[in-house]
Student: 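Let me give you the structure first, and then I'll get to my questions.
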Amino acid sequence: MSFKSLIDEIENNLHKILDGLSISDVSFSVEPAKSGFGDVSSNVSFLLAKHLKKNPKEIADILSEKYKQSQSTLVSKVESHPSGYLNFFANWEKLNQLILSESNLDEFGSVDLGKSSTIVVEHTSVNPNKALHIGHIRNIILGDAIARILKKSNYKVNILNYVDDSGLQVADIIVGFRHFGFALQPPQGKKFDHYCGDDVYVKTTEKYEKDPSLEEIRKNILKELEDGNSETAQFADKITRRVLENQLETCWNLGVYYDCLNFESQIIRSGLWGKIFEKLKELTLIEFENEGKNTGCWVIRGENNEEDKVIVRSNGTATYVAKDIPYAAWKLGLLEDPFNYQKYEKMQPGNHVLWQTTLMPSSEPKQNFTGKKVITVIDSRQARLQKIITTLMSKFKSAEDAYVHLSYESVTLSADTAQTLGLNTDGKQAQMSGRKGLYVNADSVYDLLKAKTIEETQKRHPEMIDSDIAKIAHNVSVGTLRYEMIKQDLDKIISFDLIKSLSLEGDTAPYIQYTFARASRIIEKSMRTPSLDVDFSLLTDKSELDLIKTIGMFDIHVMDAAKNLSPKVIARYCHDLAVTFNSFYEHVKVLDLGDEKLENSRLCLVNSFKLTLEKALNLLGIIAPDKM
RNA sequence: GGGCUGGUAGCUCAGCUUGGAUAGAGUGCUGGACUUCUAAUCCAGUGGUCGAGGGAUCGAAGCCCUCCCGGCCCGCCA
């Protein structure tokens, strides 16, 4: 509970005081104070000012007097500020001990929002016809961080990746291989997914543009893909699985793992659509159109002024949105599961087992990857379609918010980076496009970052062996990439700039990681094991108390991040922790003080900082290096 | 035209959900700090009509309304 214990204590006492004055129904705030205004502040007097028609300062005076009589163990002083705020000062001797000892526990920062319930997080879900680009990375990193935060909040999280292996985009590269003579082997040194995206896909779509009559070939291929037994479908399956494997390698390299892979082709062949179609009709969520422009179609009526949405075409086939309905229902466990499960051919790093669905018999036991709640991470361009799914799911399931579309703005290319790729945009940012070859592959960004961080690390540690340098550079590169994707608000566009993304200073992961390395170094040099058996009352310097306070704030931020599905809250917290530690580092020394008791107390604090920052960074999938 | 969304310092962004105390960071620019636990660091200075206008409020960057500017989405494509 940490710092929250203090807040809770104050809140309880204030409630008792208000009860004593027979005032209820006032939802005042009790929050960490701005610096210079004590440790915790409450706005209660402002709110009472309305009821009592007195000015806030007078009320604050009365309340602070009353508060002095209430039982409090963690508050040392109450002050009524001339502004009307009620400011509380902590009893640091007690709070120091409380926070620092709790921070040594593994579950420090954990909150019980989920109550052990199951939740599905679906992210990534990239067409298996190309390599992952920097835009996909935002989705992947966001989804991964959300999953980590939810785990910390006592949810049982199932992480899914939906592989759309039967769409038009796949058909396009199959056309390339089958009709335009692209070799099955990529040129030397090129990953297969890069080859499919950069060469086969881009050049094949170029050909359509020049000769629209080729569209006929594409249509035929798409038709053949739908029949799972066709030779084309089997060929496509081989290709998409090769691409998928490469895509997964990119994800794994970034420390992203999944629990299960779902394949669109299997969902189509499973017959789930038929079942959900019947259910939709039964519940009259869709209607058959007898007249107008959608004659012969099944549609969902548009709400308000929105147009009706066609779900089943007049030729009886399901549209794009429609295909998402059975999957959404499956994720919520609303349908009988038609799938068997088998392990993916490759083991994920760290021995995380990856399952995949299959329609073939399997010797493995049946698995369950559904959840009471479902979070689908897709960018905001799909908001309209996702709203349809969300509405439908809320009608299927009693819980209103069982299905959540976690929307985020897309990643665009900065004008400079677009220029580098050969597109002049007149100083404007540009939307990425796989079809036009206008994107930056994730692997390339990682490679550039790694080359730069290797160079930096070598400069600092000429004595270090190459494999150690590579390890540090890897952690810093992944950290940098992840942090850049997470620190920004979800509904703000990230304008990706190749040059600026290589910055390792300021509000970046390396800044935070470096701070961690500094702390590690102190402990390493002390030649001691930090212990909790120290005198906490020796920690009285402002920079020490600030650090303890910030450490104690961990769970508050985890709760905030989990409730609002907002990983940036954790990113800001990590940065905050690092800034506070750096201030501590500049203000007070830890070693060679000639006072062993004080040294031990400070070592204990440094260690608490380390443990907390490591846990917080872990929620973002960023590794805290002991040396860099 | 309708829907969603952004507009805060030269640039990139926090803060807005839950209205209150001097609107915060980073970056840039200027200057300073390594014989010291790692300078991927720290300190100081510089820089703001919180898009505009109106409203309710003792009090608005935040709430309500109108407007302006940018982005995205609106197919029996996927």
Side-chain angles (χ1 to χ4, degrees), chain A residues 27-29 31 33-34 36-37 41 43 45-47 49-50 53 55-56 81-85 87 127 164 166-171 222 289 293-299 302 304-307 309-321 323 379-385 387 407 409-410 412 428-429 431 453 456-457 459-461 476 487-489 491-495 497 500 503-515 517-526 560 563-564 566 568 572 575-576 578-579 582-583 585-593 602 606 627-628:
Chain A
S27 56
F28 54 87
S29 74
E31 288 170 334
K34 285 192 193 179
F37 296 101
S41 311
N43 66 349
S45 359
F46 292 110
L47 299 168
K50 262 178 202 158
K53 309 254 183 227
N55 85 45
H81 190 269
S83 64
Y85 265 106
N87 293 333
N127 288 320
D164 181 358
S166 57
L168 202 60
Q169 296 210 11
V170 168
L222 195 57
E289 197 69 280
K293 61 174 184 172
N294 295 330
T295 304
C297 301
W298 288 89
V299 302
N304 304 326
N305 286 328
E306 283 174 20
E307 300 248 322
K309 187 75 206 165
V310 172
I311 295 297
V312 178
R313 302 183 186 99
S314 52
N315 68 6
T317 58
T319 58
Y320 176 67
V321 230
K323 289 186 200 160
D379 76 66
S380 61
R381 285 172 296 196
Q382 299 268 5
R384 213 190 184 90
L385 297 180
K387 201 178 158 225
S407 170
E409 272 294 345
S410 46
T412 63
K428 283 189 178 176
Q429 46 185 258
Q431 286 286 327
T453 46
E456 287 290 325
T457 314
K459 241 190 266 169
R460 282 156 229 271
H461 304 285
V476 173
K487 76 172 178 191
Q488 200 127 318
D489 195 86
D491 42 31
K492 231 142 201 168
I493 294 168
I494 293 180
S495 170
D497 189 282
K500 287 184 186 151
S503 161
L504 309 174
E505 284 157 24
D507 186 10
T508 62
Y511 170 85
I512 299 166
Q513 290 172 312
Y514 177 72
T515 310
R518 275 179 145 182
S520 291
R521 187 72 173 148
I522 293 176
I523 289 173
E524 186 193 323
K525 278 215 163 176
S526 77
D560 184 7
K563 261 190 183 161
N564 298 309
S566 180
K568 76 164 179 207
R572 300 199 71 77
H575 183 252
D576 225 47
V579 168
N582 278 324
S583 166
Y585 188 93
E586 298 289 331
H587 276 90
V588 301
K589 270 186 67 100
V590 176
L591 303 179
D592 306 324
L593 298 173
R602 286 187 177 158
V606 171
K627 205 167 183 182
M628 67 181 272

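Reckoned from all heavy atoms, side chains included, excluding hydrogens, waters and symmetry mates. No experiment lies behind these values; they were computed from the predicted model shown. By convention in this document, chain letters (A, B, ...) are assigned in the order of the sequence lines, proteins followed by strands, and residues within each chain are numbered from 1.
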Student: So which one's nearest nucleotide on RNA chain B is more toward 5', Ser29(A) or Val590(A)?
Tutor: Ser29(A)
Student: Describe the nucleic acid contact of Ala383(A) in one word from base, sugar-phosphate, nothing, applying a heavy-atom distance below 4.0 Å.
Tutor: nothing
Student: Looking only at side-chain N and O atoms, does Gln488(A) come under 4.0 Å of OP1 or OP2 in C13(B)?
Tutor: yes
Student: Check whether any side-chain heavy atom of Asn43(A) lies under 4.5 Å from a side-chain heavy atom of Tyr85(A), and answer yes or no.
Tutor: yes
Student: Starting at atom NZ of Lys428(A), determine the distance to atom P of C72(B), rounded to an integer number of angstrom.
Tutor: 9 Å
Student: With heavy atoms under 4.0 Å as the rule, sort Asn127(A) into base, sugar-phosphate or nothing.
Tutor: nothing
Student: U5(B) phosphate, OP1 or OP2: any side-chain N/O from Arg384(A) under 4.0 angstrom?
Tutor: no
Student: With both distances under 3.5 angstrom, what nucleotide forms a Watson-Crick or G-U wobble pair with A78(B)?
Tutor: none
Student: Considering non-hydrogen atoms only, spot the tightest contact between Ser45(A) and Gly84(A) and give its length.
Tutor: OG-O, 2.7 Å
Student: Does Tyr585(A) have a side-chain nitrogen or oxygen under 4.0 Å from the phosphate oxygens OP1 or OP2 of A39(B)?
Tutor: yes
Student: For a quick test of reading the model, state the closest non-hydrogen atom pair linking Tyr511(A) to Asn582(A) and the distance between them.
Tutor: OH-ND2, 3.0 Å
Student: So what does Arg572(A) hit on the nucleic acid, given a heavy-atom distance under 4.0 Å: a base, only sugar-phosphate, or nothing?
Tutor: sugar-phosphate
Student: With C1' as the reference atom in both, quote the distance from G59(B) to C69(B) in angstrom, rounded to an integer.
Tutor: 30 Å
Student: What distance, rounded to whole Å, do you find between the two C1' atoms, one in G70(B) and one in G51(B)?
Tutor: 11 Å
Student: Does Arg518(A) make a side-chain N or O approach to OP1 or OP2 of C42(B) shorter than 4.0 Å?
Tutor: no
Student: What's the closest nucleotide to the Glu409(A) side chain, out of C76(B), U41(B), U5(B)?
Tutor: U5(B)
Student: Quick one: classify the glycosidic conformation of C73(B) as syn or anti, with syn meaning within 90° of 0.
Tutor: anti
Student: Roughly how many Å apart are G6(B) and A14(B), using the C1' atom of each and rounding to a whole number?
Tutor: 15 Å
Student: What distance, rounded to whole Å, do you find between the two P atoms, one in C63(B) and one in A78(B)?
Tutor: 40 Å
Student: Is there a Watson-Crick or G-U wobble partner for U12(B) with both distances under 3.5 Å, and if so, which one is it?
Tutor: A25(B)
Student: When you compare G45(B) with G24(B), how far apart are their P atoms, in angstrom units rounded to a whole number?
Tutor: 13 Å
Student: Regarding Val588(A), tell me which of base, sugar-phosphate or nothing describes its non-hydrogen contacts under 4.0 Å with the strands shown.
Tutor: base
Student: Considering just the side-chain nitrogens and oxygens of Lys34(A), establish if one lies under 4.0 Å of OP1 or OP2 belonging to A21(B).
Tutor: yes
Student: Checking base pairs now: Watson-Crick or wobble, both atom distances under 3.5 Å. What partners U35(B)?
Tutor: none
Student: Which part of the nucleic acid, if any, lies within reach of Lys627(A) when heavy atoms closer than 4.0 Å are counted: base, sugar-phosphate only, or nothing?
Tutor: base
Student: Would you call the rings of His81(A) and Phe37(A) parallel, tilted or perpendicular if under 30° counts as parallel and over 60° as perpendicular?
Tutor: perpendicular
Student: How far does the P atom of C58(B) sit from the matching atom of C42(B), given to the nearest Å?
Tutor: 45 Å
Student: If you check the Ile493(A) side chain, which of A78(B), G71(B), C76(B) turns out closest?
Tutor: G71(B)
Student: State, to 0.1 Å, how close Met628(A) and His461(A) come at their nearest heavy-atom pair, and which atoms those are.
Tutor: O-NE2, 2.9 Å
Student: Using whole Å, report how far CD of Glu456(A) lies from P of U41(B).
Tutor: 10 Å
Student: What is the pairing partner of G47(B), taking Watson-Crick or G-U wobble pairs with both distances under 3.5 Å in any strand?
Tutor: none
Student: From CD of Glu505(A) over to C1' of U12(B), roughly how many Å is that when rounded to an integer?
Tutor: 16 Å
Student: Quick one: on RNA chain B, does Lys293(A) or Gly36(A) contact a more 5' nucleotide (nearest heavy atom)?
Tutor: Gly36(A)
Student: If you only use heavy atoms from C-beta on, which nucleotide in A21(B), G7(B), C77(B) is closest to the side chain of Ser41(A)?
Tutor: A21(B)
Student: Using a heavy-atom cut-off of under 4.0 Å over every strand shown, decide if Thr295(A) touches base, sugar-phosphate, or nothing.
Tutor: base
Student: Between Val312(A) and Val310(A), what is the shortest heavy-atom contact and its length?
Tutor: O-CG1, 3.6 Å
Student: Checking contacts here: which listed nucleotide (C42(B), C76(B), U5(B)) is nearest the side-chain heavy atoms of Tyr511(A)?
Tutor: C42(B)
Student: To the nearest Å, how far apart are Lys568(A) NZ and U17(B) C1'?
Tutor: 11 Å
Student: Grab the NZ-P distance between Lys525(A) and U36(B) for me, whole Å please.
Tutor: 9 Å
Student: Counting any heavy atom closer than 4.0 Å, what does Asn294(A) reach on the DNA or RNA strands: base, sugar-phosphate only, or nothing?
Tutor: base
Student: Quick one: is C76(B) close enough that its OP1 or OP2 comes under 4.0 Å of any side-chain N or O from Lys309(A)?
Tutor: no
Student: Report the distance from atom CG of Asp379(A) to atom P of C73(B), rounded to the nearest whole Å.
Tutor: 9 Å
Student: Can you figure out which of G71(B), C77(B), C37(B) approaches the side chain of Arg313(A) most closely?
Tutor: C77(B)
Student: What is the base-pairing partner of C63(B), counting Watson-Crick and G-U wobble geometry with both distances under 3.5 Å?
Tutor: G55(B)
Student: What nucleotide among A78(B), C42(B), G6(B) has an atom nearest to a side-chain atom of Leu168(A)?
Tutor: A78(B)
Student: Tell me the interatomic distance from Leu385(A), atom CG, to G3(B), atom P, rounded to whole angstroms.
Tutor: 18 Å
Student: Record whether the side chain of Thr319(A) comes under 3.5 Å of the base of A78(B) through a donor-acceptor pair of N or O atoms.
Tutor: no
Student: Apply side chain to side chain contact (heavy atoms under 4.5 Å, CB included) to the pair Lys309(A) and Thr319(A), showing each step before the final yes or no.
Tutor: CA-CA 10 Å; Lys309(A) 187 75 206 165; Thr319(A) 58; 5.6 Å; no
Student: Pick base, sugar-phosphate or nothing for Leu591(A), based on heavy-atom distances below 4.0 Å to the nucleic acid.
Tutor: base
Student: If you round to the nearest 0.5 Å, how far is CD of Gln488(A) from OG of Ser495(A)?
Tutor: 9.5 Å
Student: Need one value for Gln431(A): base, sugar-phosphate or nothing, where a base atom within 4.0 Å counts as base even if backbone is also close, heavy atoms only.
Tutor: sugar-phosphate
Student: Compare the minimum distances between each of C42(B), U5(B), A21(B) and the side chain of Asp491(A), then state the nucleotide with the smallest one.
Tutor: U5(B)
Student: Can you tell me how far the CZ atom of Arg602(A) sits from the CD1 atom of Ile522(A), to the nearest 0.5 Å?
Tutor: 10.5 Å
Student: Between G19(B) and C77(B), how many Å separate the two C1' atoms, rounded to a whole number?
Tutor: 47 Å
Student: Which base sits across from G70(B) as a Watson-Crick or G-U pair, both distances under 3.5 Å?
Tutor: U5(B)
Student: Counting the atoms with a prime plus P, OP1 and OP2 as sugar-phosphate, which does Ser380(A) contact under 4.0 Å by heavy atoms, base, sugar-phosphate, or nothing?
Tutor: nothing
Student: When rounded to the nearest Å, what value does the distance between C1' atoms of A52(B) and C72(B) take?
Tutor: 24 Å
Student: Just checking Thr457(A): base, sugar-phosphate only, or nothing, at a heavy-atom cut-off of under 4.0 Å?
Tutor: base
Student: Closest approach of Asp164(A) and Val170(A), non-hydrogen atoms and distance?
Tutor: O-CG2, 3.8 Å
Student: To the nearest angstrom, how far is Ile494(A) atom CD1 from U5(B) atom P?
Tutor: 19 Å
